[in-house]
> 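Got a structure for you, written out below as structure tokens; questions coming shortly.
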Amino acid sequence: MVTAMTKGTLGIIICPMVDDNLVYNLRKDKEPRKIFVVENENNSSIKKKFSKAGIDYELVPWAAIKSGVIQPDSSVFNIIIHPINLGLHAVPEDLKETVEELAYDMQPYVDAIGFYLGTCGNYDWNIPAWCEEKGLKPSAMFTDENGNLCHDCVGINIAGGPRYNELQKKYTGHLYIFPAMASNFDEFMAADAANSAATEESLTDEMREVLGIEPGRDGYLRWLLGLGGYEYIFRIDTGLEDEEEFEKNLQNVAARTKLKIRVDPDGWASLQPTEDIYVKCKSFLQN
């Protein structure tokens, strides 16, 4: 069987919560490629992961690509990776606006786009369908095997929206944690708690004592988790990060939240959406 060669440029818009998934794709794919990572304040995680995995890349300003100073060779396989702010997940309308503007901005410089992110509250936001409607380059996002959208980073790692609903029904009162969430826990929780930060700061010592809120940000976080009925951390091991590192980060989260760890007994983790998005992205450049 002859494998089709990949030629042209794939743009990837990525949230740090799923950069482990992209690293997995790139480590598995042995086809030669040239990788460009856009230089911005959101790329520290992907740079760290690439360096650890031994993945070569060139750090470039977005302006250098837009101005033509850097022009990927169209006769070979190129990937331009544009990281976005992890905190955008907390404000769905801001995430949607940012990603759609960036998709437009990428059009002259790429032949296809992979959206390595979830919809995060934008439940009807089928980004490839939106791209097609707007006449943009072909694109792909994370879906289950039936084409159902993976709405957030948990859904991405357990194979889809319907399956996520099953997980929530079976394991209520659980904080679902996979490797990237454990390693990005502060950034993830800070974004979710942004709207409540002012409320926390307004609490006096007397108010904290009456409400049963322990001192510090972690004390406030534990109180919020208690209000939500959380009792456990549900450990979702995707196998996308070093096992020892995941366990260390997970134990840190457990100590800070005072939640008990429940190891996934049913094998919920799945790489199907991760495998499929990359294959589909490359297929757009193999015609």
Side-chain angles (χ1 to χ4, degrees), residues 6-19 21-22 25-26 33-47 57-74 76-143 147 149-153 156 191 273 276-287:
T6 311
K7 296 181 180 180
T9 300
L10 171 65
I12 291 181
I13 301 174
I14 189 168
C15 170
M17 292 300 282
V18 290
D19 55 16
N21 306 70
L22 178 59
N25 291 144
L26 295 176
R33 70 276 170 128
K34 175 73 172 177
I35 299 175
F36 302 90
V37 174
V38 172
E39 189 173 5
N40 63 23
E41 65 275 13
N42 306 309
N43 65 19
S44 58
S45 178
I46 194 74
K47 290 192 299 181
Y57 67 92
E58 182 178 341
L59 193 62
V60 298
W62 183 231
I65 293 175
K66 295 180 69 174
S67 67
V69 172
I70 294 175
Q71 296 184 23
D73 182 354
S74 61
V76 299
F77 180 26
N78 309 283
I79 304 175
I80 297 176
I81 301 169
H82 199 303
I84 60 172
N85 191 328
L86 182 157
L88 287 169
H89 81 268
V91 187
E93 58 270 26
D94 288 351
L95 172 66
K96 187 171 187 289
E97 181 179 0
T98 298
V99 170
E100 290 184 354
E101 285 183 358
L102 187 52
Y104 271 117
D105 212 20
M106 274 191 165
Q107 292 304 300
Y109 318 106
V110 303
D111 300 295
I113 299 179
F115 293 95
Y116 274 66
L117 46 91
T119 63
C120 298
N122 297 293
Y123 294 107
D124 295 324
W125 189 33
N126 185 319
I127 315 177
W130 171 82
C131 286
E132 184 175 3
E133 178 187 335
K134 300 297 181 182
L136 305 184
K137 301 290 175 60
S139 63
M141 65 185 297
F142 293 100
T143 66
L149 302 181
C150 296
H151 287 297
D152 64 14
C153 46
I156 288 167
D276 288 358
I277 187 175
Y278 190 71
V279 169
K280 189 165 188 178
C281 283
K282 286 192 68 176
S283 74
F284 296 135
L285 308 182
Q286 293 173 338
N287 296 327

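What you see is a predicted model; the values in this text were computed from it and never measured.
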> Just to verify, what does Tyr104 make a side chain to side chain contact (heavy atoms under 4.5 Å, CB included) with, not counting sequence neighbours?
Trp130, Lys134, Leu136

> Within 45 degrees of the ring normal and closer than 6.0 Å to the centroid, is that where the cationic atom of Lys280 sits relative to Phe284?
no

> Answer yes or no: is there a side-chain heavy-atom contact under 4.5 Å between Thr98 and Ile13?
no

> Evaluate side chain to side chain contact (heavy atoms under 4.5 Å, CB included) for Ile70 paired with Glu58, printing each intermediate quantity in order.
CA-CA 11 Å; Ile70 294 175; Glu58 182 178 341; 4.2 Å; yes

> Using modelled atom types only, decide if a donor and an acceptor are shared between the side chain of Asn78 and the backbone of Asp73 within a distance under 3.5 Å.
yes

> Assess whether side chain to side chain contact (heavy atoms under 4.5 Å, CB included) is satisfied between Val60 and Ile80, documenting all intermediate values.
CA-CA 9 Å; Val60 298; Ile80 297 176; 5.9 Å; no

> Please identify which of these residues, Val76, Leu10, Leu26, meets the side-chain contact (heavy atoms from CB on, under 4.5 Å) condition with Arg33.
Leu26

> Do side-chain atoms of Thr119 reach the backbone of His151 as a donor and acceptor pair under 3.5 angstrom?
yes

> Answer yes if the side chains of Tyr57 and Asn43 hold a donor-acceptor pair under 3.5 Å, and no otherwise.
no

> Is any side-chain heavy atom of Asp276 less than 4.5 Å from a side-chain heavy atom of Thr143?
no

> State, yes or no, whether a side-chain contact exists between Met141 and Leu149 at a heavy-atom distance under 4.5 Å.
yes

> Keeping Asn122 on the side-chain end and Trp125 on the backbone end, is there a donor-acceptor pair under 3.5 Å?
no

> Any heavy-atom pair between the side chains of Asn40 and Trp62 that's under 4.5 Å?
no

> So, using side chain to side chain donor-acceptor pair (under 3.5 Å) as the criterion, who are the partners of Glu93 when residues are at least two apart?
none

> Does Asp111 come within less than 4.0 Å of Lys7, counting only side-chain N to carboxylate O?
no

> Please evaluate residues Phe142 and Phe115 with respect to the criterion ring-ring contact (aromatic ring centres under 6.0 Å, His included), reporting the C-alpha separation (whole Å), side-chain torsions for both, the decisive distance (0.1 Å), and the verdict.
CA-CA 8 Å; Phe142 293 100; Phe115 293 95; over 10 Å; no

> May I have the step-by-step check of side chain to side chain contact (heavy atoms under 4.5 Å, CB included) for Asp105 and His82, ending in yes or no?
CA-CA 11 Å; Asp105 212 20; His82 199 303; over 6 Å; no

> Considering only heavy atoms from C-beta outward, does the side chain of Cys120 approach that of Pro92 to under 4.5 Å?
no

> Run the side chain to side chain contact (heavy atoms under 4.5 Å, CB included) check on Tyr116 and Asn25 step by step: do they pass?
CA-CA 12 Å; Tyr116 274 66; Asn25 291 144; 2.7 Å; yes

